[in-house]
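Have a look at the structure below, then the notes.
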Number of protein chains: 2
Amino acid sequence: MLNNSHYIDKLRSSGLRPTKQRIKICEILFNTEKTFHFTINDLVKKISKATNDKISLATVYNTVHAFKKKGYLKEIPINSDQSYFDTNTSHHHHFYDENQKDLIDIDDADVEPVKINTRIPGKKIKSVEVLVKVEDTE
Amino acid sequence: MLNNSHYIDKLRSSGLRPTKQRIKICEILFNTEKTFHFTINDLVKKISKATNDKISLATVYNTVHAFKKKGYLKEIPINSDQSYFDTNTSHHHHFYDENQKDLIDIDDADVEPVKINTRIPGKKIKSVEVLVKVEDTE
DNA sequence: TTCTACATTATAATAGTTCTAAACTGTTGA
DNA sequence: TCAACAGTTTAGAACTATTATAATGTAGAA
């Protein structure tokens with residue numbers, strides 16, 4: 001389990017104890033070639049497919065929040081009844097398909113850098129996120 | 001009540017019956033010089049300050065959704081436990097102050113038009129929304 | 001005025017998320 | 001190695017925003 005030891009190091013180095021629940025969630029989130037978007041509910045389903053040892057819902061929430069805080073996940077701002085997370089933490093934006101209720105990455109090369117020519121005194125910009133809502137052409 | 005007759009026309013012309021609840025909510029949302037952001041909870045508080053006849057929570061939700069559908073309000077995509085609405089329906093973007101949990105309009109003149117150089121086949125762009133998260137400079 | 005479709009209402013129901021407090025476990029240091 | 005402790009997990013309750021329900025009310029048309 002080379003991958004696991006990698007996750008153990010990753011967790012430990014960021015001050016998170018490498019518990020078996022967190023390692024399992026790392027495997028599910030970060031073992032794939034492609035990054036992806038998910039809701040807590042999606043993740044719970046993936047976990048129950050991937051393992052027989054169930055992980056409690058509270059732990060899934062705790063872990064996702066911990067990973068987000070450490071920068072291993074990003075939350076995508078979108079009006080929805082549930083939160084969407086992204087395993088792609090590099091800078092990029094999203095399409096949101098309102099018919100399919102589907103989020104799609106926009107390659108950062110396809111978006112001209114967004115220039116904001118104003119600032120709020122005493123504040124610094126933390127992130128600039130673009131959400132492009134699309135719908136079916138009729 | 002010149003203003004009220006204006007709202008009555010507005011509602012009627014968009015196919016919404018001008019009920020006293022809707023007219024009251026129009027007064028609260030659209031009688032001000034400046035546009036503003038609000039949550040349902042904010043609006044409920046404003047209503048109870050402005051009138052003695054209480055409006056039921058369900059009606060507040062129904063009305064806000066109806067107004068949004070008619071284009072009198074915009075919903076702001078942001079990760080929050082509640083939905084934020086904007087009485088400014090013109091094209092513009094937002095700062096979100098993560099310390100103060102406060103939304104601030106960005107004058108559209110201060111944002112270079114966002115160019116998206118890719119499309120999804122069969123879909124057309126409905127909106128492009130930029131959310132600039134800011135935090136205190138330390 | 002009367003009728004009908006649309007609105008409002010109180011309340012229940014739902015769903016996502018957070019809280020709680022007890023049990024468990026990784027890590028540290030003797 | 002092992003005790004002790006702090007961090008973690010857990011089941012389930014609690015919480016909160018929102019939506020559904022079904023009865024009552026009301027605007028507008030005939």
Side-chain angles (χ1 to χ4, degrees), chain A residues 1 4-5 7-26 28 37-48 51-70 72-73 75-85 101, chain B residues 1 4-5 7-26 28 37-48 51-70 72-73 75-85 101:
Chain A
M1 294 287 178
N4 280 9
S5 71
Y7 294 136
I8 290 171
D9 292 347
K10 179 176 177 166
L11 289 167
R12 208 177 261 134
S13 71
S14 55
L16 296 171
R17 283 192 185 166
T19 65
K20 64 178 195 299
Q21 291 88 345
R22 284 171 177 167
I23 294 165
K24 175 57 71 183
I25 291 174
C26 277
I28 291 167
H37 309 124
F38 66 95
T39 64
I40 294 290
N41 190 38
D42 294 337
L43 181 53
V44 166
K45 280 186 203 157
K46 278 174 184 282
I47 292 168
S48 66
T51 181
N52 290 322
D53 321 325
K54 88 177 272 301
I55 299 179
S56 90
L57 185 59
T59 299
V60 178
Y61 273 98
N62 289 340
T63 302
V64 166
H65 287 150
F67 286 6
K68 182 191 164 190
K69 202 168 180 178
K70 296 297 179 186
Y72 302 149
L73 292 173
E75 191 168 1
I76 303 168
I78 193 179
N79 291 120
S80 173
D81 47 346
Q82 29 192 343
S83 294
Y84 275 82
F85 297 91
K101 308 277 177 211
Chain B
M1 293 285 176
N4 279 10
S5 70
Y7 294 136
I8 290 171
D9 292 347
K10 179 176 179 167
L11 289 167
R12 208 175 263 136
S13 72
S14 56
L16 296 172
R17 282 190 186 166
T19 65
K20 66 178 194 297
Q21 291 88 344
R22 284 170 175 167
I23 294 164
K24 175 56 74 180
I25 291 173
C26 277
I28 291 167
H37 309 123
F38 66 94
T39 64
I40 295 290
N41 190 37
D42 293 337
L43 181 52
V44 167
K45 281 186 202 158
K46 278 173 185 284
I47 291 168
S48 65
T51 180
N52 289 321
D53 322 326
K54 92 178 268 302
I55 299 178
S56 93
L57 185 60
T59 299
V60 178
Y61 273 98
N62 289 342
T63 303
V64 166
H65 288 149
F67 285 7
K68 181 191 163 190
K69 202 167 181 180
K70 295 298 179 185
Y72 303 149
L73 293 173
E75 190 169 2
I76 303 169
I78 190 177
N79 291 120
S80 174
D81 47 346
Q82 22 190 350
S83 293
Y84 275 82
F85 297 90
K101 308 278 175 211

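Since the structure is predicted, the reported quantities are computational estimates derived from the model, not experimental observations. Lettering follows sequence order; numbering is per chain, from 1.
Atom CG of Asn62(A) is separated from atom C1' of dG16(C) by 15 Å (rounded to the nearest Å). The separation between Ile23(A) atom CD1 and dG7(D) atom P is 19 Å, rounded to whole Å. In this entry the distance linking NZ of Lys54(A) with C1' of dA11(D) reads 8 Å, nearest Å. The CG-C1' distance, from Leu11(A) to dT8(D), rounds to 13 Å in whole Å. Counting to the nearest Å, the C1' atom of dT25(C) and the CD atom of Gln21(A) are 9 Å from each other. Atom NZ in Lys68(A) sits roughly 11 Å away from atom P in dT17(C) (whole-Å rounding). The interatomic distance linking Ile47(B) (CD1) with dT8(C) (C1') rounds to 13 Å, in whole Å.
Applying the 4.0 Å criterion to OP1 and OP2 of dA7(C), one finds that Thr59(B) has every side-chain N and O outside that range.
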Candidate pair Thr51(A) and Ile28(A), rule side-chain contact (heavy atoms from CB on, under 4.5 Å), full reasoning: CA-CA 10 Å; Thr51(A) 181; Ile28(A) 291 167; 5.8 Å; no

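Looking at residues two or more places apart in sequence or on another chain, you find a ring-ring contact (aromatic ring centres under 6.0 Å, His included) between Phe38(B) and Phe36(B), Phe85(B).
No side-chain heavy atom of Thr63(B) sits under 4.5 Å from any side-chain heavy atom of Thr19(B). Taking 4.5 Å as the limit, every side-chain heavy atom of Val64(A) sits out of range of all side-chain heavy atoms of Tyr72(A).
Between the side chains of Thr39(B) and Asp42(B), a donor-acceptor pair is found at a separation under 3.5 Å.
Put simply, NE2 on His65(A) and NZ on Lys70(A) are 15.0 Å apart, with the number rounded to the nearest 0.5 Å.
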Per-nucleotide protein contact string for nucleotides 12-27 of chain D, where B marks a base within reach and S marks sugar-phosphate only (heavy atoms under 4.0 Å, - for neither): -----SBBB-----BB

